[in-house]
Every structure is written in C-alpha cells, then in structure tokens.
Number of protein chains: 2
Amino acid sequence: MVTESGASPNIVGKRMRSRREELGLSQERVGVLIGIDESSSRARISRYELGTHEPPVETARLIAKALSVPLAYLYCDEDDVAVWLMELATKSTGQRKALVSQWRQDLR
Amino acid sequence: MVTESGASPNIVGKRMRSRREELGLSQERVGVLIGIDESSSRARISRYELGTHEPPVETARLIAKALSVPLAYLYCDEDDVAVWLMELATKSTGQRKALVSQWRQDLR
DNA sequence: AAACTAAGACTGTCTTAGCAG
DNA sequence: CTGCTAAGACAGTCTTAGTTT
C-alpha cells in the first residue's frame, strides 16, 4: 500500500539519482560504498534521492566521492555547470588553477 | 565563561563567514535578510559559521541568495573555483551557456 | 555592538521491518 | 532484486537567555 510521498526531491537528491543511474549503480551499492550497513543502505539512499530526508554535508561528501563527483556538483542548480564541475574535477590541481585563472579572464 | 567549542567549521560555515565579511554584514543582518526573527538571528548564523549546527539546504539557499552567491558556492572546496562560480553567476543564462560550452572544449 | 553558547523544547533523521514494482 | 515508506528510537537543530569580547 502506497500512501503519501511527503517531500519533493531537492537538488541534492536529483543530482544523486541522475549520477547514480549514469554509473549503473543500485541505491544499496552506493550506501555500502559510503560505509552504511547493507541492512539500511537502500532505505537511506532512497530517502536522500526522494528528498524526504537530507544528508548531512559529511555524508554528502562521502556520496560525492562514491559517485566520482566534487561535493559542489550535488548542490549545483544548473545542469551545464554541474557537468562542467564534474569534468574539471578530473584535472590535476595545477591544471585546474591554470584553467580557472584563464576562464576568469573570459568573464571580463 | 567559555567552555568547549564542539565542532570545527565545515566548508559551508567557512564560505558563509568569508563572504559575509567581504560584504561587511553582521551575523544578525544575514539572519534577518533570510527571514529569521532578530531575537534568534545571531545565534543561528553564528552556529552555522562555526559548524556546530548545519543549515538545511533550503536555508542554505536563502543564505546564498542573501550573500549574492550561487548555492554551489557554499559547498565548493576549492577557493578559486568558488570565486569563479560566484563571478559566473552574474552572467545571464544565455551568456553562461555559451561560456560553459566553450570551456568544456578547453577540458579536452 | 557583535559573536558565542548552555539547556530544554522541538524537529528532523536512522534503523527496523515490511510492502510494492 | 530494487526501490519505497511507517513507526519508534535516536540525533540533530532552534529558541531563549545570558556571557564574553
């Protein structure tokens, strides 16, 4: 029996789900990857994605790591900027600094 | 008498404080700007900045708006990327899309 | 004036257990 | 198997009130 949903998915849940599906992982797998016991893993990740519960930032950080994205990706409102943040994170610190420095010139 | 601090400032608190000081606002003012009653405004913002309490994402969104930064700014680990996100947010949607599209080419 | 914090009230999350697709 | 959710246990935040600088 399905009852009421409660809350609508916030930006974090939306990003979690799309990225998880992109990687072909189950909710349980993501939970186990961040150290949650498999007995409650599905329940927790499900509610994060649906937005009924919200993960603390430290938990969000573990999730971001498991999904191979930077923390800010999970809180980014614009799809194109989110993808850009994800791709930038694959670069080394030195490369990143050089690129960002160059891009900041483009903004003037 | 000052006792124990509890938690250390997380990334959200760190970004909140530096941006607030950059704008020359008091903690109370930021709280009032996001609709908190002035009687509890200082207390709440103080604990967000110190990391003893963590704001829900919807509250973080209001704070980001009050500080004129995108939500992702508050969760961005790298200083240079955070500043870049802030500057990018001043552009129109059309300009942003064009720039991000161009920058994604730079990443290859 | 501005920032910080203890304590109790209050609100949200987590585990368990089980249902639904 | 995978995802979703009710309920009680549990952990967090919020208001108040007052201290510290």
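Here is the naming used below: chain letters follow the sequence lines, and residue numbers restart at 1 for every chain.
- Residues near A:Val32 contribute nothing to a hydrophobic cluster around it, because no ILVMFWY side-chain heavy atom sits closer than 4.5 Å to its side chain.
- Proximity of a side-chain donor or acceptor of B:Arg42 to a complementary backbone N or O of B:Gln27 within less than 3.5 Å is not detected.
- In this structure, the side chains of A:Ile11 and B:Arg61 come closer than 4.5 Å at one or more pairs of heavy atoms.
- At distances below 3.5 Å, not a single donor-acceptor pair connects side-chain atoms of A:Ser46 with backbone N or O atoms of A:Ala43.
- Contact check, B:Arg17 against C:dC4: a side-chain N or O comes under 4.0 Å of OP1 or OP2.
- At most 12 non-hydrogen atoms from other residues, nucleotides or ligands lie less than 6.0 angstrom from CZ of A:Arg29.
- Within residues 22-40 of chain A, the residues approached by DNA chain C to less than 4.0 Å at the level of any non-hydrogen atom are A:Ser39, A:Ser40, in residue-number order.
- Pairs passing the ring pair (Phe, Tyr, Trp, His ring centres under 6.0 Å) check and including a residue from residues 78-108 of chain B, sequence neighbours excluded, read A:Trp84-B:Trp84, A:Trp103-B:Trp103, B:Trp84-B:Trp103.
- Of the residues in residues 44-51 of chain B, B:Ser46, B:Arg47, B:Leu50 come within less than 4.0 Å of DNA chain C through at least one heavy atom, sorted by number.
- Rounded to whole Å, the distance from NE2 on B:His53 to P on C:dA3 is 18 Å.
- Whole-Å rounding puts the B:Arg42 CZ to D:dC14 P distance at 17 Å.
- Rounded to an integer number of Å, the gap from B:Glu58 CD to C:dT11 C1' is 16 Å.
- Residues passing the side chain to side chain contact (heavy atoms under 4.5 Å, CB included) test with A:Thr93 are A:Arg96, A:Lys97, sequence neighbours excluded.
- Of all nucleotides listed (C:dT13, D:dT16, D:dG3), D:dT16 comes nearest to the side chain of B:Ala43.
- Taking atom CG on B:Asn10 and atom P on D:dG12, their separation rounds to 14 Å, with Å as the unit.
- A search for ring pair (Phe, Tyr, Trp, His ring centres under 6.0 Å) contacts involving A:Tyr75 returns B:Tyr75, not counting sequence neighbours.
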